[in-house]
Amino acid sequence: MNFTRRKFLKASGATAVGVAIGGSLFSLNPARAYAAKLKTRFAHESTTICPYCGVGCGLIVSTYSGKVINTEGNPEHPINEGALCSKGNAIYQVANNPRRLDKVRYRAPGSDKWEEKSWEWAVNRIAERVKGTRDRYFTEKLKDGKIVNRTEAIAGLGGAALDSEECYLWRKLATALGIVYIEHQARI
Amino acid sequence: MTDFSNEIAVLKDITLEYVDAADLDRYRKIFDIQIAGFNALDQLDASASPCLPEHREFTRGVPLIRQAVLEIDAPWATGQLYRMGELLYGLDVSEDQFKADLKEQLVRAGWDLNGLLVWAAYGRNNEFSRKFSDLLDLDSEDLRVWVRESIRPWYWKLADLQTDPVKYEEWSHGYCPICGNSPVIAVLKEEEGFRFLSCNMCNFSWRTHRLRCGVCGNTDEKKLRYLFTEHESPHRAHVCDGCKSYLLTIDTRKWKFERRIYPRIEHIVMLFLDALAQREGFTSSPVEH
């Protein structure tokens, strides 16, 4: 063999550094030195469904340390194939919006002022109102004696943000309360 | 037919503080040899030219070019090896002498030229590659680089020959449907963010799923992350905690202006992300299939 190691001296110090480009033709040492100065982060991507309407478009949500940093349409989702409407495109603001209320605010009947209330107060208040309305307008029997156990004073509307299990629970609760007007946004 | 003139111009102008200028200069010369080799393929007889085979296993995830059917024209390949050898190793023997020596050493290693070419593109090290590397007193990975860079234009031509994009619509594997090699980068394109992988060997580009590891096929979102730098950039490295691999990705939606994508050049631009991903313990693994 006439070509020997002496004749095969390498042109530079680049060796098998694990870079796939053109095999391993680039030394990573300068890149490593450059990269040492950079601050990096890891983000997660999760798929979810847009909560705005009943179409149910697929989304990819990127999060860093539990904070949403990007939202976009999911190109693999069979409904929207990556496309989003104007509301869906702005969904990032659902998670990141300083103007979004994150505390309960209450304005009493006849009042011109908003009061800040606790979540516990709000939940109890809703329960009181539901129970009160149901009791006041509850129909146990029709005039002909037929048992119906219902209230026609309350209606239920499920939202697109509810998942299947939540919808199931909501339906059970509504039926238990005697609500007969039960509807879902997905039909709109 | 692929036109390399724009890519040559872009490569000529590129300067990056994290890329060794000598490496870049040598890469330009390698690219020149490859383009000359690519153009020379048009001079071959039809019987010796690259051709794309058809086979039924394609729909079951077997690439068009299987190792068994790869037949590269021997005179063309040895000519490429000689010119690349001159550049990479300062080879100072005549081309005829080189070809004779190469043949002799392959015989001594119990190997043949086609075996060497297939190994360089696909194979793991084996007794032949080890023996042949020893005979040439070369590191086997250096040998692989030399051979791969030499024959790469053959694969470009194969990818150029495909004219039926519909055929590849259902292909969502992490390896190339044409030649079976791993992707060099992923590209997120169009408003919808479709993810395309770009073959590291033949340049073919095919669409695949956004949230799936191209190497191990993992779809567990909890094990898929991406590494990005603090400043707003279209570049990131998608990593899989399942198999500890990474794939560099460019999000063209973040480009400030529209431009063509040259995967080889984009990878050079993203070399700092290679360093970052490797620092975090991830590797650029070839896809097993």
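Chain identifiers are assigned alphabetically (A, B, ...) following the order of the sequence lines, protein sequences preceding nucleic acid strands; residue numbering begins at 1 within each chain. Since this is a predicted model, take the numbers as computed values, not measurements.
In this structure, chain B has a heavy atom under 4.5 Å from the side chain of A:Ile60, while its backbone stays farther away. With a 4.5 angstrom heavy-atom cutoff, B:Ser172 does not touch chain A via any of its atoms. With a threshold of 4.5 angstrom between heavy atoms, B:Leu273 does not approach chain A through any atom at all. Neither the backbone nor the side chain of A:Ala33 comes within contact range of chain B; no heavy atom of the residue lies under 4.5 Å from a heavy atom of that chain. Using a 4.5 Å cut-off between heavy atoms, B:Gln34 makes no contact with chain A at all. Neither the backbone nor the side chain of B:Thr283 comes within contact range of chain A, judged by heavy atoms closer than 4.5 Å. Both the backbone and the side chain of B:Leu227 come within contact range of chain A, judged by heavy atoms closer than 4.5 Å.
By the 6.0 Å contact criterion, CD on A:Glu120 is open, its count of non-hydrogen atoms from other residues, nucleotides or ligands being 12 or less. Shown here is A:Tyr137, whose OH atom has no more than 12 heavy atoms of other residues, nucleotides or ligands within 6.0 Å. Dense packing is recorded around CD of A:Glu115, with more than 12 heavy atoms of other residues, nucleotides or ligands lying under 6.0 Å away. No more than 12 heavy-atom neighbours from other residues, nucleotides or ligands sit within 6.0 angstrom of NZ on B:Lys103. Within a 6.0 Å radius of NZ in B:Lys99, other residues, nucleotides and ligands contribute more than 12 heavy atoms. Atom CG of A:Leu142 sits in a crowded spot, with more than 12 heavy atoms from other residues, nucleotides or ligands closer than 6.0 Å.
You'll find the side chain of A:Phe26 stays beyond 4.5 Å of the side chain of B:Asp20, heavy atoms only.
The most heavy-atom pairs under 4.5 Å with chain A, out of B:His238, B:Glu191, B:Glu190, B:Arg279, come from B:Arg279. Counting heavy-atom pairs closer than 4.5 Å to chain A, the top residue among B:Arg236, B:Arg144, B:Glu280 is B:Glu280.
Taking the six-membered ring for Trp and thresholds of 30 and 60 degrees, A:Tyr34 and B:Tyr18 have ring planes inclined between 30 and 60 degrees apart.
With B:Glu221 contributing its side chain and A:Thr47 its backbone, the two residues share a donor-acceptor pair below 3.5 Å. Here the side chain of B:Asp23 pairs a donor or acceptor atom with the backbone of A:Ser27 at under 3.5 angstrom.
Looking at every heavy atom in both residues, A:His44 comes nearest to B:Leu224 through ND1-O, 3.4 Å. Nearest heavy atom pair, residue B:Leu271 against residue A:Leu28, reads O-CD2, 3.8 Å. Of all heavy-atom pairs spanning B:Leu211 and A:Ser46, the tightest one is CD1-C, 4.5 Å. Counting all heavy atoms, side chain and backbone alike, B:Phe272 lies closest to A:Ala35 at O-CB, 3.8 Å.
Ion pair B:Arg253/A:Glu72 flagged as a salt bridge, since at least one NZ, NE, NH1 or NH2 atom sits closer than 4.0 Å to an Asp/Glu carboxylate oxygen. Ion pairing of B:Arg210 with A:Glu45 is present here, as a side-chain N (NZ or NE/NH1/NH2) and a carboxylate O approach within less than 4.0 Å.
Checking B:Arg212, B:Arg195, B:Arg207 one by one against A:Glu76, the side-chain contact (heavy atoms from CB on, under 4.5 Å) holds for a single residue, B:Arg207.
Separation of the A:Phe42 and B:Tyr226 ring centroids does not fall under the 6.0 Å cut-off.
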